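Step one of this worksheet: look at the structure below.
Letters A, B, ... are given to chains in the order of the sequence lines, protein chains preceding strands, and every chain is numbered from 1. All heavy atoms count here, side chains included; hydrogens, waters and symmetry mates do not. Because the structure is predicted, anything quoted here is derived from the model rather than measured.
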Amino acid sequence: MHVGHLRSTILGDCICRVLAFLGHEVIRQNHIGDWGALGKVILGLWHMCMDEMRHGNGQYYAKEIKDLKACAGDTGRMQTLCQSICQRHTNDWEDDCGDRPDGRRGDGKKYFTLFLDKLESRPRGDLWDRITILYQYVNLLEESVGPFHLRIPIRKKKTSIQAGTSVFEYPLVPYESLSRHTTAMLQKIDADNEQEKKAGELITSISLEYCETIYDLLNVKITDKHFDYKVVRGESFYRRMLPGVVKRLVKAGLAIESDGAICVFPEGFKNKEGDPLPLIIEKSDGAHLYATTDLAAVRYRANKLKAQRIVYVTDARQALHFAMFFAVAKNPKAKWIGQDVELVHVTFGSVLGEDGSPLKTRSGENVKLKELLDEAVERARAVVEQKNPDLKDSEKDRIATAVGIGAVKYADYSNNRTSDYVFSFERMLSLEGNTAPYLQYAYARIKSIERKASQKDVDVEAELSGLDNVALGAPEELDLGKFLCRYGDAVEAAAADYRPNYLTAYLYELAQKFSAFYTNCPVLGAEPKDRAARLLLCELTARTIRHGLSDLLGIDVIERM
RNA sequence: GCGCCUGUAGCUCAGUCGGAUAGAGCACCGGUUUCCUAAACCGGGGGUCGCAGGUUCGAAUCCUGCCAGGCGUACCA
């Protein structure tokens with residue numbers, strides 16, 4: 001996971017929390033570990049296998065990423081490099097065969113099967129990082145070989161003429177489309193795809209395990225372990241429904257063949273030439289796509305899970321896809337889902353670097369989310385050390401985690417989600433201004449008052465329960481008191497537009513008003529006639545901050561910092 | 001070309017769907033600690049709300065047209 005995943009993850013989590021708080025029955029559905037291009041990762045894993053079992057475990061793929069990048073722009077060198085990679089690939093593949101009677105090659109029985117078995121029980125360690133590199137490698141390689149018309153053989157089961165006998169053929173396919181064949185294999189139910197299936201499952205489980213550690217760190221609740229229903233539902237769950245999706249839409253007269261692909265042409269969408277724009281649901285090679293899965297999933301959610309409103313949280317670049325997909329799903333002729341089901345696409349901007357260029361999602365040097373979070377915690381830890389050196393180490397750690405992670409999440413939440421997000425360590429981790437630490441600090445100050453109360457012989461509970469009328473004389477008291485009443489509006493506004501920044505804006509203003517009150521109105525040292533009302537203001541402010549920050553945004557509050 | 005998004009203080013951004021003198025933070029200048037955490041508080045300077053029209057009693061907000069940037073636009077997700 002890299003910084004780009006931060007937004008969808010925490011935005012989705014927050015929307016669920018807010019809607020659930022307002023009384024909706026929320027069913028979370030998370031596509032985690034759902035590598036849309038699983039084929040590329042599987043192919044990457046195959047490279048890892050060859051590297052370890054045939055080439056001395058030198059991580060040739062990591063080296064070749066550098067080489068490929070170095071050759072960019074130099075067509076001659078690039079061609080030579082790509083040719084040699086393709087040749088080695090072909091040799092490796094042909095050698096990976098358990099038993100080689102005439103004509104048999106590349107069944108994976110010699111290396112890949114064994115490799116997958118071993119990988120399953122191998123400690124996970126840096127496996128995830130390795131997979132990320134492998135994915136980049138395959139991506140970059142397929143991008144690079146494009147112009148050179150290289151070809152590589154694949155193994156394909158021939159429609160059996162004589163029953164009981166498997167007949168294979170080895171057609172050549174363009175090297176740059178090899179991973180697509182792997183993806184396509186996964187989508188075929190009866191194909192000879194045991195290895196691919198197993199590799200896919202292994203990758204998914206490694207992904208999931210890794211993501212769970214990040215989710216725990218981020219304090220987001222979007223996996224199965226937090227709920228008594230199935231939350232994690234990736235592409236594979238809908239796989240067997242895909243052929244049915246196509247059949248239904250063809251039968252309804254909505255999907256037709258065009259250039260070999262099966263498409264729906266929803267009204268009102270045009271391409272560059274002004275012709276109708278298709279939503280492709282089956283490619284010319286028979287494979288299904290994101291759109292097909294979405295159509296299967298929306299049916300499941302509306303008809304099986306009985307969802308009345310379905311909220312999709314993805315980046316804004318997918319807006320056209322969702323508009324088209326919604327149009328098809330809601331087309332009465334499709335008889336797909338009830339007309340009263342509300343479909344919402346909650347978009348958000350891209351993550352940009354400090355230079356304003358987008359941080360690439362799938363290639364190039366991504367900032368790893370884990371590293372970012374670790375650095376945030378580290379920096380927060382340094383501040384605690386400086387400000388409050390006498391605390392116990394374990395408490396310093398707890399504070400550093402709450403502050404560091406909170407700062408990162410809050411920075412994202414406090415931006416309008418539709419804007420592009422300029423990622424900056426400095427700003428994100430700054431502990432000043434409209435930030436999580438500012439709110440956490442206000443909360444900690446209130447808790448400190450509570451702790452000090454007993455030392456000064458003030459019984460907070462008794463004072464609060466004895467309070468029968470609240471007179472707010474000082475302007476800061478009145479300002480804070482009135483503002484406390486408006487929390488509900490902020491939550492409603494945040495829910496109505498799926499905008500956490502309405503919530504952060506409220507909480508920040510609340511903390512500001514509290515800080516002004518705190519500076520000007522002593523609580524424990526106040527005249528007895530004023531004290532109870534001030535204690536009440538403290539109590540309500542603490543509760544509001546805790547609810548907003550912790551319950552709705554998933555950012556921990558702390559007793560001291 | 002068409003579609004979507006963005007354009008507000010030097011920088012990063014709010015502005016809850018038309019309402020009063022456009023708000024924060026950072027940066028800059030000045031002030032506040034024998035007193036509940038100064039990771040704080042108070043004050044100051046700084047704006048043609050991209051430009052031009054229009055609707056309205058009233059526009060950063062709605063409409064039209066430009067300008068600039070980003071993204072998308074048939075077999076990626």
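Qualifying ring pair (Phe, Tyr, Trp, His ring centres under 6.0 Å) partners for A:F265, counting only residues two or more places apart in sequence or in other chains: none. A:E282 meets the side-chain contact (heavy atoms from CB on, under 4.5 Å) test with A:V246, A:I262, A:H288; sequence neighbours excluded.
In this structure, the CZ atom of A:R499 is 15 Å from the P atom of B:C13, given to the nearest Å. Rounded to a whole Å, the CG atom of A:D489 is 11 Å from the P atom of B:C17.
Side-chain nitrogen and oxygen atoms of A:R534 include none within less than 4.0 Å of the OP1 or OP2 phosphate oxygen of B:C36. Using a 4.0 Å cut-off, no side-chain N or O of A:R317 falls inside it from OP1 or OP2 of B:A77. Contact between the side-chain N/O atoms of A:Y438 and the OP1/OP2 oxygens of B:A24 is not found at any separation under 4.0 Å. Regarding contacts with the backbone of B:C13, every side-chain N or O of A:N416 stays at 4.0 angstrom or more from both OP1 and OP2.
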Quick one, give me the B/S/- string for nucleotides 3-11 of chain B, reading 5' to 3', where B means a protein heavy atom under 4.0 Å from the base and S means that only happens at the primed atoms, P, OP1 or OP2. ---------
The contact string for nucleotides 26-34 of chain B, one letter per nucleotide 5' to 3', using protein heavy atoms under 4.0 Å with B, S and - for base, sugar-phosphate only and none, comes out as S--------
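Taking the syn range as angles within 90° of 0, the glycosidic angle of B:U33 is syn.
Salt bridge status for A:R560 with A:E395: present, with a side-chain N to carboxylate O gap under 4.0 Å. Using a 4.0 Å cut-off between a side-chain N of Lys or Arg and a carboxylate O of Asp or Glu, A:R531 and A:E527 do not qualify as a salt bridge.
How far CZ of A:F517 is from CG of A:L510: 11.5 Å, rounded to the nearest 0.5 Å.
Proximity of residues 378-395 of chain A to RNA chain B (heavy atom under 4.0 angstrom from any strand atom) is restricted to A:V383, A:K387.
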Give the dot-bracket string for RNA chain B, reading 5' to 3', where a pair is Watson-Crick or G-U wobble with both distances under 3.5 Å, ( ) marks pairs inside the strand, [ ] marks pairs crossing earlier ones, | marks a partner on another strand, and . marks unpaired. (((((((..((((.....[...)))).(((((.......))))).....(((((..]....))))))))))))....
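On a pure distance criterion of 3.5 Å, a polar donor-acceptor pair joins the side chain of A:D497 and the base of B:C17.
Note on A:T314: nothing from the nucleic acid sits closer than 4.0 angstrom, heavy atoms only. At the heavy-atom level, A:S284 lies under 4.0 Å from base atoms of the strands shown.
The salt bridge (charged side-chain N to carboxylate O under 4.0 Å, His left out) with A:R7 is formed by just one residue from the set A:D412, A:D420, A:D315; it is A:D412.
Put simply, the side chain of A:E477 gets close to the backbone of A:G473: a donor and an acceptor are under 3.5 Å apart.
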